[in-house]
Amino acid sequence: MRSVPSILHLDMDAFFAAVEQASKPSLRGKPVVVGGLGGRGVVATASYEARVFGVHSAMPMAQARRRAPNAAYLIPRFELYRQVSDLVMALLRELSPLVEPLSLDEAFVDLEAGPYGELLREGSVEEGVELVRALGEDLRADILAAVGLTASVGLSGTKFLAKIASEQAKPDGLVLIEPGREREILDPLPVRALPGVGPATAETLRRLGLTQVSQIAATPEDELVRLLGRAHGAGVHALALGRDERAVVAERDAKSVSVEDTFEVDLGDRELIRAELDRLADRCVRRLRAAARSGRTVVIKVRLFDFTTLTRSETLPSPTDDPLVISAIARRLLEQVELTGGVRLLGVGVSGLADFTQEDLFAQAEREAAEAAAAGYPDGGSEQDPETAHQAEAAYGGPGEPRAFHPGSSGGERSSLPGGSEHPGGVGTLLTVRRWMPGQDVRHAELGHGWVQGSGVGRVTVRFETPWGERGPVRTFSVDDPELEKADPLPLVRGSALADGTAEV
């Protein structure tokens with residue numbers, strides 16, 4: 001264990017909900033819940049104001065609405081969350097090259113590997129403690145100044161204790177565990193606080209009367225090895241004693257890239273399922289290319305109406321990031337699955353990753369076959385009308401907007417619904433409507449940027465406000481108002497240029 005608590009753990013406070021509050025002035029200080037708004041939706045993040053009512057992550061959205069009926073319920077905006085995360089991670093890398101991201105809003109930092117490492121190693125313990133505390137407080141202040149969000153920081157000599165410290169610091173605080181206080185912090189904690197102790201292991205320990213970390217620490221290691229196995233038992237015992245030799249690892253090489261969507265209504269039409277699979281393949285390729293990767297193995301995941309989950313895969317001779325090739329293989333794999341009864345979830349993934357693409361005759365043949373197949377459909381192929389292509393791509397939220405949280409058509413784009421008038425042949429036409437989702441970014445030709453508060457009975461209500469601004473006015477429009485369009489999120493960073501050429505200050 002280090003003599004100076006130089007491992008930092010950062011955890012942003014209620015990240016998704018906090019980003020929404022920061023970018024929507026009218027929601028600051030109010031309960032906000034981000035997640036799936038459909039019948040099968042779950043809470044992704046709840047603000048601390050919503051947690052007062054018992055709302056928490058992974059709770060069914062219907063239950064959350066019963067507990068906090070007056071909260072703002074919003075769809076997630078992952079593009080904006082990633083932008084904010086990138087900025088926060090950049091601030092961490094100014095402290096050290098050894099930054100280990102755990103998620104968009106959480107990371108470990110090894111301060112000894114950064115520009116202050118020499119001072120931490122050569123100075124006294126007291127001086128080191130004061131220095132890392134100052135670095136942690138400066139980091140929190142920098143994040144608040146840059147994006148208007150609060151963060152909790154934990155500092156200790158091990159990763160395990162640094163994470164426990166950040167949990168104790170929440171919300172908007174800093175906790176430093178000084179050398180010699182490790183057992184004081186650990187002993188009162190429940191055994192579930194130990195990494196690797198899940199429900200099954202906790203139940204095994206509970207049957208023996210071991211419910212607190214202090215009891216685990218007092219149990220002979222060989223007894224825990226007998227109960228839990230050699231590696232698990234020894235690891236749990238070491239953590240209970242405050243020993244954690246894990247290093248902060250800067251790069252974690254992804255083994256696969258995948259996307260999946262859960263549908264509010266089970267899909268039964270095979271053509272619609274194929275279309276959804278194509279969109280998933282396109283999103284998967286976007287992620288591949290964003291990471292500058294390619295892959296050899298294409299995998300599809302299908303969850304049926306009865307929750308039966310099936311996977312199928314096919315491996316190419318060489319890696320590819322070609323969307324037509326990946327889509328063609330995904331479609332071929334889908335033909336191997338019996339879809340009777342309906343599909344609840346679809347997923348497309350690519351594994352066997354590489355950092356290059358080696359074109360070969362097989363991939364070229366796959367691409368040519370896919371292009372030929374696409375040319376046989378009026379809505380497909382490279383000669384597709386740009387407007388039609390845009391509408392097709394945006395169905396059910398479009399690429400880059402995961403539908404697992406908001407299934408169904410959204411994003412202000414048009415979707416086809418049965419209805420309308422009869423044409424001379426007696427067959428009903430399709431009535432095109434636009435559907436707007438709460439929290440979605442929009443732009444009005446005259447009023448500028450805003451976000452959807454709600455919609456229904458042919459009307460949509462929009463609040464017009466921007467990050468770092470004042471609480472804005474509310475207006476209601478027809479859902480088909482031609483002056484109202486979907487927009488990209490405005491950046492949350494002070495001084496960033498906005499879409500209209502102005503800048504936040």
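We're numbering straight along the sequence, starting at 1.
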Practice item. Could you name each residue pair satisfying salt bridge (Lys or Arg N to Asp or Glu O under 4.0 Å) that touches residues 301-312, not counting sequence neighbours? Key: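 Sorted result for residues 301-312: Glu260-Lys301.
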Check your understanding: What residue pairs, at least two apart or across chains, pass salt bridge (Lys or Arg N to Asp or Glu O under 4.0 Å) with a residue in residues 6-26?
Key ->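 Every pair satisfying salt bridge (Lys or Arg N to Asp or Glu O under 4.0 Å) with a residue in residues 6-26: Asp11-Lys170, Asp13-Lys170, Glu20-Lys24, Glu20-Arg77.
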Determine whether [X] and [Y] make a side-chain contact, defined as any pair of heavy atoms from C-beta on separated by less than 4.5 Å.
{"X": "Asp261", "Y": "Leu345", "answer": "no"}
{"X": "Thr201", "Y": "Leu194", "answer": "no"}
{"X": "Arg65", "Y": "Leu37", "answer": "yes"}
{"X": "Val175", "Y": "Glu167", "answer": "no"}
{"X": "Pro438", "Y": "Tyr73", "answer": "no"}
{"X": "Thr311", "Y": "Ile300", "answer": "no"}
{"X": "Met12", "Y": "Glu106", "answer": "no"}
{"X": "Arg183", "Y": "Leu241", "answer": "yes"}

Exercise for review: Just do the side-chain contact (heavy atoms from CB on, under 4.5 Å) check on Val32 and Val34 with the steps written out, would you?
Suggested key: CA-CA 7 Å; Val32 173; Val34 178; 4.3 Å; yes
Taking only Lys NZ, Arg NE, NH1 and NH2, and the carboxylate oxygens of Asp or Glu, determine whether [X] and [Y] approach each other closer than 4.0 Å.
{"X": "Arg243", "Y": "Glu182", "answer": "no"}
{"X": "Arg133", "Y": "Glu137", "answer": "no"}
{"X": "Lys159", "Y": "Asp244", "answer": "no"}
{"X": "Glu184", "Y": "Arg181", "answer": "yes"}
{"X": "Asp86", "Y": "Arg82", "answer": "no"}

Identify the two heavy atoms, one from [X] and one from [Y], that lie closest to each other, and give their separation to 0.1 Å.
{"X": "Pro179", "Y": "Val129", "value": "CD-CG2, 4.5 Å"}
{"X": "Ala202", "Y": "Val197", "value": "N-CG1, 3.9 Å"}
{"X": "Ala107", "Y": "Val99", "value": "CB-CG1, 4.2 Å"}
{"X": "Leu189", "Y": "Ile185", "value": "CG-O, 3.6 Å"}
{"X": "Ala14", "Y": "Ala46", "value": "CB-O, 3.6 Å"}
{"X": "Thr158", "Y": "Gly242", "value": "CG2-O, 4.0 Å"}

Spacing of [atom1] belonging to [X] relative to [atom2] belonging to [Y], to within rounding of 0.5 Å:
{"X": "Phe15", "Y": "Thr45", "atom1": "CZ", "atom2": "OG1", "answer": "9.0 Å"}
{"X": "Leu267", "Y": "Leu304", "atom1": "CG", "atom2": "CG", "answer": "11.5 Å"}
{"X": "Glu245", "Y": "Leu239", "atom1": "CD", "atom2": "CG", "answer": "10.0 Å"}
{"X": "Ile216", "Y": "Leu205", "atom1": "CD1", "atom2": "CG", "answer": "4.5 Å"}
{"X": "Gln168", "Y": "Leu176", "atom1": "CD", "atom2": "CG", "answer": "11.5 Å"}
{"X": "Glu130", "Y": "Glu126", "atom1": "CD", "atom2": "CD", "answer": "9.0 Å"}

Review point. If you count the non-hydrogen atoms of other residues, nucleotides and ligands that lie under 6.0 Å from CD in Glu203, is the total more than 12?
Key: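 Above 12, so yes.
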Point to revise | Exceeds 12 heavy-atom contacts within 6.0 angstrom, atom CZ of Arg230 | key: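 No - once you tally the heavy atoms of other residues, nucleotides and ligands closer than 6.0 Å, there are 12 at most.
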Answer yes or no: is there a donor N or O on one side and an acceptor on the other, between the side chain of [X] and the main chain of [Y], under 3.5 Å?
{"X": "Ser258", "Y": "Val348", "value": "no"}
{"X": "Arg296", "Y": "Thr315", "value": "no"}
{"X": "Ser6", "Y": "Leu111", "value": "no"}
{"X": "Glu122", "Y": "Leu119", "value": "no"}
{"X": "Gln215", "Y": "Thr211", "value": "yes"}
{"X": "Gln212", "Y": "Ser214", "value": "no"}
{"X": "Arg344", "Y": "Thr262", "value": "no"}
{"X": "Trp451", "Y": "Thr466", "value": "no"}

Check your understanding: Can you tell me if Ser26 and Arg471 form a side-chain donor-acceptor pair at under 3.5 Å?
Key ->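 Checked: Ser26/Arg471 side chains show no N/O donor-acceptor pair below 3.5 Å.
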Point to revise | Residue pair Asp278 / Ser327, side-chain donor-acceptor N/O under 3.5 Å | key: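 Looking only at side-chain atoms, Ser327 and Asp278 do form a donor-acceptor pair, the distance falling under 3.5 Å.
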Point to revise | Full working for side-chain contact (heavy atoms from CB on, under 4.5 Å) between Leu334 and Leu339 | key: CA-CA 9 Å; Leu334 183 68; Leu339 303 178; 4.2 Å; yes
Exercise for review: Apply side-chain contact (heavy atoms from CB on, under 4.5 Å) to the pair Trp436 and Val442, showing each step before the final yes or no.
Suggested key: CA-CA 9 Å; Trp436 305 92; Val442 297; 3.5 Å; yes
Point to revise | For Glu465, all residues meeting salt bridge (Lys or Arg N to Asp or Glu O under 4.0 Å), sequence neighbours excluded | key: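 Glu465: no salt bridge (Lys or Arg N to Asp or Glu O under 4.0 Å) contacts found.
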Exercise for review: Applying side chain to side chain contact (heavy atoms under 4.5 Å, CB included) between Pro467 and each of Pro489, Ser23, Pro491, report the one that passes.
Suggested key: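 Passing option: Ser23.
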Point to revise | Single hit among Leu102, Val153, Ile164, Val109 for side chain to side chain contact (heavy atoms under 4.5 Å, CB included) with His9 | key: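 Per the side chain to side chain contact (heavy atoms under 4.5 Å, CB included) rule, the option paired with His9 is Leu102, out of Leu102, Val153, Ile164, Val109.
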**Study point:** Working for side-chain contact (heavy atoms from CB on, under 4.5 Å), residues Leu186 and Leu161
**Key:** CA-CA 8 Å; Leu186 284 174; Leu161 286 166; 3.7 Å; yes
**Study point:** Full working for side chain to side chain donor-acceptor pair (under 3.5 Å) between Ser294 and Thr320
**Key:** CA-CA 5 Å; Ser294 58; Thr320 184; over 6 Å; no
Exercise for review: Could you tell me how the ring of Phe16 sits relative to the ring of Tyr81: parallel (under 30°), tilted (30 to 60°) or perpendicular (over 60°)?
Suggested key: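 Aromatic pair Phe16/Tyr81 classed parallel.
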